[in-house]
Amino acid sequence: MSNIGSYEEKYTSFHWKQAEDELQYGKNGMYNIGYYCSDYLCEKGFGNKQALIWEGFTGEVKNFTYDDLRIFSNTIAKFLQDNEVNVGDRVCLFMDKIPELYIGFIGILKMGGIAQPLFSAFGEEALFTRLDDAKTKVIITQKKHLGKVRRIKDKLPGLTKIIVVDADQSSLQTNEIHFWMEKTEQVDNFDIVKADPEMPSVLHYTSGTTGKPKGAQHVHASIIAQYITSKWVLDLRLDDVYWCTADPGWVTGTSYGIIGPWVCGVTQVILDAGFGTEKWYAFIQKNKVTMWYSAPTAIRMLMKEGLDVVKKYDLSSLRHLASVGEPLNAEAVIWSEKAFGRPFYDTYWQTETGAIVITNFPGLKIKPGSMGKPFPGITATVLNPKTFEPITTAGTVGLIALKPGWPSMMRAYWDNKETYDSKFKNGWYVCGDRSSIDDDGYFWFVGRDDDVINTAGHLVGPFEIESALIEHEAVAEAAAIGKPDPVNMEVVKAFIALKPGFEKNDDLELGIINFIRKRLSPLAMPQEVEFVPSLPKTRSGKIMRRLLRAQEWGEEIGDISTLEND
Ligand code: WTA
C-alpha cells in the first residue's frame, strides 16, 4: 500500500492544513526549515539514525547521523552569526556535492539567512551575475573554486566574506576565512531563529528567454509542500534509503535532495561523482537504495548501455523510482519496468513551484508518456494562449497554469517585480509550458512556450549564451537554440553572423568557443556552431529563434508575417 492510499479520495478531501498539522508545523512558534530537518527528528528519537551517507569521487565515505546533522548545522549557523551574517542576508553555497553543502544549507536557514545555492561548475560570469543580482553577503566555497570567486570579488562590493571549507588560513587572502566543519568546536545548543512561515528561505536562480537569470525566492512554509509531496509522491518511509541524483545548485537538489528527505527522516545517500552506468548501479547495490529520484537524460544514458549490464548488479532493493526535469518518454518508462521491475514515475514541477505539482502517484495507473495528475491541493489546468481562459476540450493543447496559493510557490523574483507579475494571467500562475489534458485528467507535456533550452534537464537561457558570444570581437550577432539530441533531449546550437573582415574557419570557431567557455557553465556550451550571413529578425529587430528552432526540428514554421528579412 502506498503512502497516499487512494489518489481520488485524497484529491477531494486534502487541504494543506492537514500536512501542516501532521508535521506539527509551528509548534512552540517554530517555523524554521532548518529545525524541521534536524532537531525535530532528534526530538522524535531519530538522533542516532543515519541522515546522510556520502561518497566522494575517490570512494571516500562519510556518515552523519541526525544528531551530527543537528550539531554541525548549529556550528555553521553560529559561525555565520559570528561573522556578522544577519537575518535575511544572502549566503551563497558554491561547492561540489560535499557534506558541507548539504549541512551548510541547513545551517544558513537555522540562523535566518537566505540560502543561495549555485552550481559549482558555473563559470565566473554566470557566478557574478547571480551574486550581483542577489547582493550576496557571504559565499561558502572550496579551494578548487576559489579562483573563480577571486576573479570577480572586486566587482562585488557587497560580498564581505568568502568562507573556504577546506583551506588553511595561511593560504587565504583578506576577507577570506577558513572553516573546517568537522574540526571547529561543535555547537550543541543553538538558538534557532524561529522564523515565520513567510520568512524568505531559499533563492534559486533560473534562466528565462530574455534578461538576466531570475532569483525565485522561497519561504520557510515551503516545507509543508515539500514534506507531503515527498511522502505521497516519492513515497518516502522511515526505512528508506533514498538517492536523489540532482545537484543542489538546482531546485530538485534542495527541495528533494535536502528538505524533503530529511524532514521525512529517511537515510539519504549522496554520490559526489559524475554519471557512470556501472558506478551508479554499484552505488545502488552497495547502499541498498530503495527510492531513487533521477532524470530522463540519466535514464536514457542507462538505456543506451542495455539490459545486460543491469543484470550484473543486485538492484532488488529498489522499491520506487521517480524522474523529473524533462519529458520522460514512454520508452523509458517501459524500459525501466524491464530493467528494474518497476516504472519510473514522471513528476512535473519548476524552480518557481518549489515542489511537485503534476505527477504520477504510486497506486495510480501510469499512462507511459503522461506526466500524470495534479497533486492534491493543486488546481491545474491548461489555458487558451490568447484568452487565458481554461480549455475544456480534452486533448487540446494549452498553457499549463496553476491556481496560486500552495505553500511552496515562489513569493517573488528577487528584485524583479515586473517579471514576477507577468507570470500571472486571469488569476492563474502560468508555468510557461504547453500540455494537453486527456479525458481522464492526465496531463501530456508538449513543450515549452518560450525559447529556454532544456538540456539534460537543466534550463539554459539563450540570452546568456548570446551575450557571451557577442562579446567576442569577430561576432556581429548570435542566436542560441535547442537542437534535438537523442540523450540530452536538447543540446545548445549557436548561429553566428560574423563582422565584416572576419572569415569563418576552424581556428576562429575554436577561438570563439574558448572565449565563451570561461563565461558559461559547461551545460550552456554550444555543441554545434553554424556561421550564417545574418540572422532572421522580426521587423522590430528581435532575433526569431523560433524560426531557427523549427528548421532544426523539422517543424512547421508557423506565422512569420513579422519577419523582416524574409
Ligand atoms: C521542464 C526543475 C516535462 C519544464 C524541477 C519546466 C518537465 C522546467 C518536467 C522546470 C516533466 C520539468 N516533463 N518537462 N516531468 N519537469 N520539466 O525550473 O519545461 O529547473 O517548466 O525545475 O523543466 O525546470 P526547473
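For clarity, every value in this text was computed on a predicted model and none was experimentally measured. Start at 1 and go down the list; that is how both ligands and their atoms are numbered. Residues: numbered from 1 along the sequence shown.
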Between E198 and R411, does at least one N-O distance fall below 4.0 Å, as a salt bridge requires? yes

Identify whether NZ of Lys or CZ of Arg in K423 sits under 6.0 Å from the centre of the six-membered ring of Y429 and within 45° of that ring's axis. no

Is the side chain of T206 donor-acceptor paired with the backbone N or O of K214 at a distance under 3.5 Å, no angle test? no

Test side-chain contact (heavy atoms from CB on, under 4.5 Å) applied to D449 - qualifying residues, sequence neighbours left out: L399, R434

Please list, one pair per line, the donor and acceptor atoms closer than 3.5 Å that link side chains of residues 113-129 to other protein atoms, with sequence neighbours excluded.
{"residue": "Q116", "atom": "OE1", "partner": "T136", "partner atom": "OG1", "Å": "2.6"}
{"residue": "Q116", "atom": "NE2", "partner": "R130", "partner atom": "O", "Å": "3.1"}
{"residue": "S120", "atom": "OG", "partner": "D96", "partner atom": "OD1", "Å": "2.7"}
{"residue": "E124", "atom": "OE1", "partner": "R151", "partner atom": "NE", "Å": "2.7"}
{"residue": "E124", "atom": "OE1", "partner": "R151", "partner atom": "NH2", "Å": "3.2"}
{"residue": "T129", "atom": "OG1", "partner": "E125", "partner atom": "O", "Å": "2.7"}

Counting only non-hydrogen atoms and a 4.0 Å cut-off, the residues near ligand 1 are V251, T252, V324, G325, E326, P327, D346, T347, Y348, W349, Q350, T351, M371, D433, F445, R448, N454, L459

Show me the pairs that pass salt bridge (charged side-chain N to carboxylate O under 4.0 Å, His left out) and involve residues 369-383, at least two apart or across chains. none

